[in-house]
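Note that the coordinates shown come from a computational prediction; the quantities given were computed from them, not determined experimentally.
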Amino acid sequence: MHRARGWRHNNVEPDRLRQILCRHDERLVSRQLAMSYEKKRIILEPNELSPGAAGKYVDLCEFADESLKIAKDGIPLPYTMFDKEPRVTHAAITENKRLGGNCRQQNDRKESTPGN
């Protein structure tokens with residue numbers, strides 16, 4: 001039997017391969033529908049499935065592109081993620097100080113103009 005070039009008998013669907021190659025972990029969901037992962041706080045969004053996950057373990061998959069999938073019994077659960085250690089750049093701090101000074105100057109001008 002002749003096989004086409006590049007054909008393999010063990011081809012795997014791309015979605016299935018992505019699922020196989022992800023980093024699997026189990027996390028315990030708190031009563032507040034929250035969990036921690038990699039210095040981030042994950043909160044499950046309220047829906048008909050999320051209350052059933054409280055106090056139980058859920059499957060967490062981290063893919064190569066750093067996206068996450070959280071699932072309970074194979075059903076994906078929507079979530080919101082918060083960074084526990086927000087990073088503020090020095091440039092952002094400097095810009096905020098400059099804007100704060102400009103706002104004070106504008107308020108002082110406004111207050112010193114007659115009729116206000």
Side-chain angles (χ1 to χ4, degrees):
M1 170 180 250
H2 183 277
R3 292 186 179 159
R5 187 176 199 191
W7 184 88
R8 297 182 329 200
H9 69 281
N10 60 351
N11 278 347
V12 178
E13 293 293 324
D15 289 340
R16 178 71 181 126
L17 188 61
R18 185 173 190 254
Q19 186 71 23
I20 292 169
L21 295 177
C22 79
R23 178 179 161 191
H24 293 274
D25 200 359
E26 283 189 343
R27 292 290 164 168
L28 181 64
V29 179
S30 71
R31 285 185 272 162
Q32 294 80 23
L33 300 177
M35 67 190 95
S36 294
Y37 180 74
E38 297 286 327
K39 298 183 181 180
K40 292 181 173 59
R41 190 73 172 163
I42 300 171
I43 300 175
L44 298 179
E45 293 180 8
N47 63 17
E48 63 275 356
L49 300 174
S50 56
K56 297 184 180 156
Y57 283 91
V58 294
D59 297 319
L60 189 140
C61 294
E62 181 180 13
F63 300 103
D65 63 359
E66 297 184 3
S67 63
L68 292 178
K69 175 184 161 192
I70 299 172
K72 177 73 177 138
D73 299 326
I75 301 169
L77 299 171
Y79 64 90
T80 305
M81 189 172 347
F82 300 95
D83 195 351
K84 285 184 177 181
E85 296 179 9
R87 293 175 188 90
V88 180
T89 64
H90 181 69
I93 293 169
T94 304
E95 183 67 20
N96 191 29
K97 287 180 181 180
R98 189 175 328 139
L99 287 174
N102 288 342
C103 288
R104 276 192 299 281
Q105 286 177 351
Q106 292 297 326
N107 285 338
D108 292 345
R109 286 184 195 156
K110 207 182 268 187
E111 290 174 3
S112 65
T113 26
N116 283 341

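- For A54, the side chain to side chain contact (heavy atoms under 4.5 Å, CB included) partners two or more places apart in sequence, or in a different chain, are L33.
- Looking at Y79, its side chain does come within 3.5 Å of a backbone N or O of L68 through a donor-acceptor pair.
- With hydrophobic clusters built from ILVMFWY side chains whose heavy atoms lie under 4.5 angstrom apart, M35 shares a cluster with M81.
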Side chain to side chain contact (heavy atoms under 4.5 Å, CB included) between D73 and L49, intermediate numbers included: CA-CA 10 Å; D73 299 326; L49 300 174; over 6 Å; no
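- If you take CD1 on I75 and OG on S50, they are separated by 12.0 Å, rounding to the nearest 0.5 Å.
- With sequence neighbours left out, Q32 forms a side chain to side chain contact (heavy atoms under 4.5 Å, CB included) with S30.
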V29 and L44: CA distance, side-chain angles, deciding distance, side chain to side chain contact (heavy atoms under 4.5 Å, CB included) verdict: CA-CA 9 Å; V29 179; L44 298 179; 4.0 Å; yes
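- In this structure the side chain of T80 never reaches within 4.5 angstrom of the side chain of R41, judged on heavy atoms.
- Distance check: Y57 OH to R27 CZ gives 9.5 Å after rounding to the nearest 0.5 Å.
- Between F63 and K69, some side-chain heavy-atom pair lies under the 4.5 Å cut-off.
- Among residues two or more places apart in sequence or in another chain, the side chain to side chain contact (heavy atoms under 4.5 Å, CB included) test is passed with P78 by E45, N47.
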Candidate pair V58 and E26, rule side chain to side chain contact (heavy atoms under 4.5 Å, CB included), full reasoning: CA-CA 6 Å; V58 294; E26 283 189 343; over 6 Å; no
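- E38 has a carboxylate O that lies under 4.0 Å from a charged side-chain N of R23, or vice versa, which qualifies the two as a salt bridge.
- Counting only heavy atoms from C-beta outward, the side chains of D59 and I70 never approach each other to under 4.5 Å.
- For the atom pair K40 NZ and I43 CD1, the distance stands at 14.5 Å (nearest 0.5 Å).
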